[in-house]
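All heavy atoms count here, side chains included; hydrogens, waters and symmetry mates do not. Naming: A, B, ... by sequence-line order, numbering from 1 per chain. The model shown is predicted, which means the values in this text are computed figures rather than measured ones.
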Amino acid sequence: SGSPATGTASGKGDGTPRRGGRLRAAFAGGGASETLDPHLGNLFADAARSKALFDKLADYGADLAAVPRLAEKWEPNAGLDRWTVTLRQAEFHDGKPVTAADVLYSYRRIADPEKAYRARASLEPVDLKASRATGERTVEFVLKRPTAEFPNVIAAFGTYIVQDGATAFDRDPVGSGPFRFVSFTPGRSTVLRRNDTHWDGAPHLDELEFVVANEESARINALLGGQIEYAHELNPATGRAHEKAGGIEIVRLRNSAMQAFAMKTDRPPFDDPRVREAFFLIADRQELVDGALSGAGEQGNDLFGKGYEYYADELPQRTQDIGRARSLLKQAGAQDLKVTLDTSSVAAGFTEAAGIFRDQAARAGVTVDVRMGSKDSYWKDILDSGTLCCYRSGAMPIESHISQRLLTDSTTNATKWQDKTFDTLYQQAQSTKDRTARAALYGRMQRQLYTEGGFLVWGFGDWILGTARNLRGVAREAPANTLDWARFDKVWLA
Amino acid sequence: MNGMRSWIARRLLLGAVQTAAVVLLVFALTEALPGDAAVAFAGDQPDPQRIAAVREAMGLDRPAHERLADWVLGLLHGDFGTSLTSGRPVAGFLADGFGPTLLLAAVTVLLLVPVGVGLGVLAARHEGRFTDRLISSATLGVYAVPEFALGALLVSVFALRLGWFPPTAVGYGTGLLAHPAVLVLPVLVLLARPVCSLARLVRAGMIEALAAPYTAHAERYGIPGARVRYAHALPNALAPATQQLARTVDWLLCGVIVVEALYVIPGLGTVLMNAVADRDIPVVQGLAVVFGLATVVLNLGADLVTHRLAPRSGVAA
Amino acid sequence: MNRLRRYGPGAAVVAIPLGLALAGPFLAGEPSARAASFTLGGGHRLGTDFVGRDVVHQVLLGGRPVVLVALAATALAYLVALPLGLISALTHRRWLEEVLMRPPDVLLAVPSLLMILLVAAAFPPGPVGLALLVAFVSIPDAARIVRAAAAEAASRPAVEALRMQGESWWRIAVGYVGRSILRTLAADAGIRLTGVLYLVATAAFLGIGVAPDAADWAVMVDRNRTGLLIQPWAVVVPALLIVALTMGGNLLVDAALQHRTPPRKGRRP
Amino acid sequence: MKPPMEQPMNENPVLASVTALTVEVDGRALVDRVSLRIRPGTVTALVGASGSGKTTTGLALLGEYPAGARVTGEVTVHGTRIGYVPQHPAAVLNPARRTGALLHDMARRQVRDLPRPQRRTAARQRVTEALADAQLDASAGVLGRYPHQLSGGQQQRVVLAQALLLGARVIVADEPTTGQDALTKRRIVDQLAAVAARGIAVLLLSHDLDVVRELADEVLVMRGGRVVEQGPAHRILDGPTHPWTKELLAEPRTLPYADPGRTGEELLTVDGLTARHRTAGRRAPVLNVDRLTLRRGECLAVVGRSGSGKTTLARCLAGLHRDHTGQILLDGTALPRSLRDRSREQLAAVQYVFQDARAAFDEHRPVLDQVARTAVRLRGAGHREATEEARRTLTDLGLDDALVRRAPGGLSGGELQRAALARALLARPRVLVCDEITSGLDPVTRRSLLDLLATLIRRPGGPGVVLITHDLDTAAPATRLAVLDGGHIVEQGTREQILTAPRHPFTAALLAASRRWGAAVRP
Ligand SMILES: Nc1ncnc2c1ncn2[C@@H]1O[C@H](COP(=O)(O)OP(=O)(O)OP(=O)(O)O)[C@@H](O)[C@H]1O
Ligand SMILES: Nc1ncnc2c1ncn2[C@@H]1O[C@H](COP(=O)(O)OP(=O)(O)OP(=O)(O)O)[C@@H](O)[C@H]1O
Ligand SMILES: [Mg+2]
Ligand SMILES: [Mg+2]
């Protein structure tokens, strides 16, 4: 068993794993209102903790393709609207086996319309009323429509399997994950201990402690001072400072965060594709990557999912062309264009990118007025209002990106991209069983987005981790949110 | 003490009104902030349906005044309500955050008062001369360095290079008192600014007081220099400094966000930051009560001292 | 002869930041092209800042707003706090004092973070609005200090005598009481000025007043902090300028006030 | 008591000496080649005109000089500390500390050698004794009061107690009795004599020639910074040679201030007044006046023990003391209790001259400007006009132009007192309340000032004057006298009646005490 798709022991020369020890990992956290409910989690810290305590049916590999976890295998029917999932033999921390009933309970809990758990949107294709357990360890999922990408659904963020009937998690959460619960102080620390009977092999560590440190400098200082062994989410500048110094190990998880400007395609001035194209041409992506991400990333090509499965990397890299941008704007009758660019300190690099883009746009005669918004309500605010905003996205399959953001009925369609043919292509892809044929369809959709879409994707940021030199086995190719990211059952302290 | 007592009683009554005003104001401010707990909860998945469901689950669909009234009713029974985001009682949040905050504040104040006052008096004694200039420049210089920079500097020198103190309080949990070394650096950063403001105000008042005839008189009569300065001259210089001290203690009690973040000390400032970010109004309100009361009490205390230091005020025509 | 000794140090220290603030914008010239953020060398004498701009250029531009906004905000705060504190120190009507001083107390208890957040969200103001906001936040504090310092002076027989003469409130309050507490006011204002600077920077980050990437020393210090380890100049230089401004300014004021005290033995009982 | 005269003085060692001391400010000599010697057990008195340099000489002994002064000559002091009773006691009393604070600190240092448990009581004992020596009753809570809660005379006695407690071998006493009534003064003088008898040297600076006569062994007469005559007390006082000394010794004024024929109807009436002071949280009544009136064109003298409530009464009249019941009527209409509520006319109508002139001036502004402001504010005069008038009034009071252009710190006690009077006069008041305005003046200046006051009173439309004084000589020429004791007016009546046929035993005692000073108390 195991995770076939990703090479876990990535670091060459990490040596043979050593058993024992306590790993302390620092994350930015949610403060005193944190909970251990795996379905409630929103933050990276929540995700990492849930991953240690619980398991999902599947998870994402480094290319964001689903890899089986608790699910041993999955089989669709011919119409792709019924999927049978077989569970592997696994047990919860209290010794009870993981059963089909637990899976259905967990999914129904997530989908509870009253509760509005984050993963509910991901489970939307599943008709949970009709789905049923066909055996102790087999579940038949009935889908509302053909869904070729069903494995993405069961690998989605937050779709953890809890025990049938479980409601409270803060006291004594029981999962099937590689670590068992020891103690939890919201906003401060969570202590876990090795689950010797985990189906994927027992972790090397004896104990795992998650500590909360919201300030980046605190995380790096604690790491440098030997108070922790794993610091999540560091600044590019910090990364550069310590990469060569040698005191600690800097790990860059590539392609973790898409950075973009989102243009609302349904309203002036961006309802005119020429204006959108002009904006594509205004951006000097390298300058943005260097300035806003401090060089820690790669240029984007106005498409989501660089390096992921189905990514259209045959499309030529777009570069700045102010002259052409000017003429396109002129054609569109928007020479002295003034737009407001919404930004906020909600994500690293946002305000920087906005400032840099403002200066770039000025060269094409476009006046960009940067407006700082509240970071707490930013995503909601930019969803419907404004015309241009900073946008970013964590890793997810390209299919999920499309279904959540680019269909007419998508719930978080920040570019207001509503295109009948595009929708049709998507549905077509979902009912296509053949992978190559599906890939071709995704390619067509991406080409359309490349020429006239609303996302000006200018870069992909690295996710930077700091680890102690004696921490081994940390995956280096897993974008944030994928299986091997923040995975502590395969690391060890040398 | 009749007049004084009634004055204190009135101030306390006013204090209750003020605290209520603080709570109302904070409630209004948090309500007026864009987004609510549901929006904050939704984060980068602002699916409108989901937000609506969360809103309903949290009871945010009820009108604001109703929620406030409920909360106030609860408060009258000593119940601070429950957090919207976690569903846990707010009182627990306050209790958890209060320990570290109180500890930091207490240690800081214990050091601040002697150092600030001492430096101020020393500078005043040598007004215009080298010592004065040295003290003034040093305190002002430290004052003008932003907290994070000072914090970073202290950590890199004393924690990372020399290894004298731990760089952060990560992993010490609530047992800060058991590890005094953890407190050294945060307290130093916390001291940096108040020491300057206190010393400057003491210096200003002290220059006048030292030049006053009553000080010369005490000196003339053989009272030892230190006693003249601290027991006879200082009381005349202390009123503004007391107000400043009250503000400092208030600031320390209401959470010192930068230092808490820098050294990972989960105090009230962190609780407030998170609660505001989450729009967790009951928690924010609970904090408002605590902060309001702290401010009222501290201001009252400072005013009492001011009054005591200028005994003629109130009698004068 | 003595003048140089007295004013020399303060003037020397404050000259650099003040000179830069005044002349900087004229010396700055056109901005050079952006480079990668937090780099050293490459034609940038002090390296680049968090968005890859030349630090020297930013430093030259960044003094004026700092000096202007901080001065304006401090002055504004005192414009309100001074009368407030003096009225309440000079009145014998308790209720008037309560009416004047209790409401600002409420403001003191409201976390300033919340205040700034709200203003940032509700009506993002320009630099003028920022100065107003920062002044507004400082009023209660300053008023209390004024009140406390003035309490003793306001109850002296000299004030009674002035009243006896039918002297106007302003003359009593500003001409006598204000003058008596000048040193304390100067000490408080001198420090407040610096406090205000950083409040401006915090506010900028939240979107109030100046742009988050504005050329402003305090904003530079705040925003370049992430690069402290690889490109310290972007933080150190503006921070040192602010330190010099604070230190020099206060030392100058100290020196100016020095002669106001008669020599120790000069006062007659 | 006075040491026997026969004792040859030069056998005594010199404790302190001043030789050819010259103190110059801006080229003007405040003290000009003054020499004096102070010997143990003797009282050396400096007398002379107001502004003649007495205080400056006294301070020189303490090593203190005016700001920016050029000093030549020599001052030597053997022994360590010098006790000092300044002319304005309020200035050396710490406004933020209770009066006991310094006394206790001093006493504690003196009992350091005792075993720890006894120190406290011993220190307290010493303080109580010193207070008693200074005629203060420690049990009356004086120690627990702030300086402003004491009357002018009480403040003076506290400062005297400090000097006595110090146990220094030299005491410089600058006008130690000015604020005291005849009875208290008597005891203080006795105390000073006892101090001298213990071998302590006293430098007495005083205008009160009776006190000087009683105490001094040697007298120096000063004028314009110079010593014009010097010698054993009895010789100087009984057989003065210098004309200036003779002038000093001239009889006080006896002519009534007011023209008895011209007193008119009631001008100011105090009706059922009870004034309270807050001490230690209690509001205790300190003054009860059923009825007291001042008629147009008359001078009402208020006399009484120190601390009997005279200043409180004056402050009530002036609207400076709000905490009182009852009414104060001006021309039959009640005056607002606080001067803040009084109209400009009302302010101008009732003017008060503060007992402590130094405390009542703004130390930063020139005296002339401060005096002139009264006319500007209360009578609407122009700035130039007002300054001119101020200058004239001040000159009438013997203060020349150069003097009044200085800040108050540059004026002597008596000079400031006169400036304070001028400030009130510029309002052209209808009621002038004078609180001890002659205490800092030499007999000559005092007489001329009182003459001036009399001229004013006698002028048509002149003010009615309430004259608060401890000096019966000064009170005697008043139209009527009111005698205050313990906050009550025990007796009031015409000068003839009070001075010749006092009805109340307290009045009699006060008169007797004054007579013993040789005061010319006669109708
Ligand atoms: N700082 C000063 N600058 C200039 N002249 C001064 C200063 N201090 C005092 N004088 C002047 O010196 C003279 C002597 O003052 P001094 O106080 O010694 O007089 P005095 O004899 O004590 O008078 P009084 O009896 O009125 O107290 C006065 O004319 C006064 O105006
Ligand atoms: N502000 C005050 N608070 C409390 N008690 C006071 C206050 N002022 C005066 N007293 C007390 O009230 C009494 C009357 O004081 P007042 O000043 O009227 O006396 P006085 O007759 O003017 O005495 P003196 O001749 O010594 O100036 C004194 O016993 C004094 O101690
Ligand atoms: Mg004198
Ligand atoms: Mg009196």
Per-residue tally against chain B (heavy atom, under 4.5 Å) across C/A186, C/P157, C/A150 peaks at C/P157
If we check side-chain hydrogen bond (donor to acceptor under 3.5 Å, both in side chains) with B/R200, which of these qualifies: C/D188, C/D254, C/T184? C/D254
Pair count under 4.5 Å, heavy atoms only, with chain C: among B/I257, B/L33, B/D132, highest is B/L33
Does any backbone or side-chain atom of B/L272 lie under 4.5 Å from a heavy atom of chain C? Answer side chain, backbone, both or neither. side chain
Please classify the contact between C/L108 and chain B as side chain, backbone, both or neither, with a heavy-atom cut-off of under 4.5 Å. both
Among the options B/V22, B/V17, B/T306, pick out the one with the most heavy-atom pairs lying under 4.5 Å from chain C. B/V22
Answer with side chain, backbone, both or neither: which region of B/D250 has an atom nearer than 4.5 Å to a non-hydrogen atom of chain C? side chain
Do C/R94 and B/W7 come close enough that some side-chain heavy atom pair is under 4.5 Å? yes
Calculate, to the nearest 0.5 Å, the distance between atoms CD and CG belonging to C/E152 and B/L238 respectively. 13.0 Å
Rounded to the nearest 0.5 Å, the SG atom of B/C196 sits from the CD1 atom of C/I191 at a distance of 4.0 Å
Which one of B/P146, B/A241, B/G15 has the most heavy-atom pairs closer than 4.5 Å to chain C? B/P146
Please determine if C/R147 and B/D303 form a salt bridge, counting it only when a charged side-chain N lies under 4.0 Å from a carboxylate O. no
Could you report the tightest heavy-atom contact between B/Q18 and C/R102, atom names first, then the distance? NE2-O, 3.1 Å
Work out which heavy atom in C/D222 is nearest to a heavy atom in B/F148; give both atom names and the distance. CA-CE2, 4.3 Å
So which heavy atom on C/M247 is nearest to which on B/S137, and how close? SD-O, 3.0 Å
Under 4.5 Å to a heavy atom of chain B? For C/S180 that would be backbone
Taking B/R312 for its side chain and C/S155 for its backbone only, find out whether a donor-acceptor pair lies under 3.5 Å. yes
Starting at CD of B/Q244, measure out to CG of C/D141 and round the result to the nearest 0.5 Å. 6.5 Å
Heavy-atom distance under 4.5 Å between the side chains of B/F291 and C/V110, does that happen here? no
Can you find a heavy atom in the side chain of B/L14 that is under 4.5 Å from one in the side chain of C/E98? yes
Interface moiety of B/V145 toward chain C, non-hydrogen atoms closer than 4.5 Å: both
Ranked by heavy-atom pairs below 4.5 Å to chain B, first place among C/N250, C/T246, C/T194, C/V221 goes to C/N250
Work out which heavy atom in B/S136 is nearest to a heavy atom in C/L251; give both atom names and the distance. CB-CD2, 4.0 Å
Given side chains that start at C-beta, do those of C/I145 and B/L201 come closer than 4.5 Å, heavy atoms only? yes
Look up atom CZ in C/R6 and atom CZ in B/R133, then write down how far apart they are to the nearest 0.5 Å. 9.0 Å
B/A32 versus chain C, heavy atoms under 4.5 Å apart: side chain, backbone, both or neither? both
Step-by-step side chain to side chain contact (heavy atoms under 4.5 Å, CB included) determination, B/N299 to C/R144: CA-CA 9 Å; B/N299 284 346; C/R144 289 193 137 261; 3.3 Å; yes
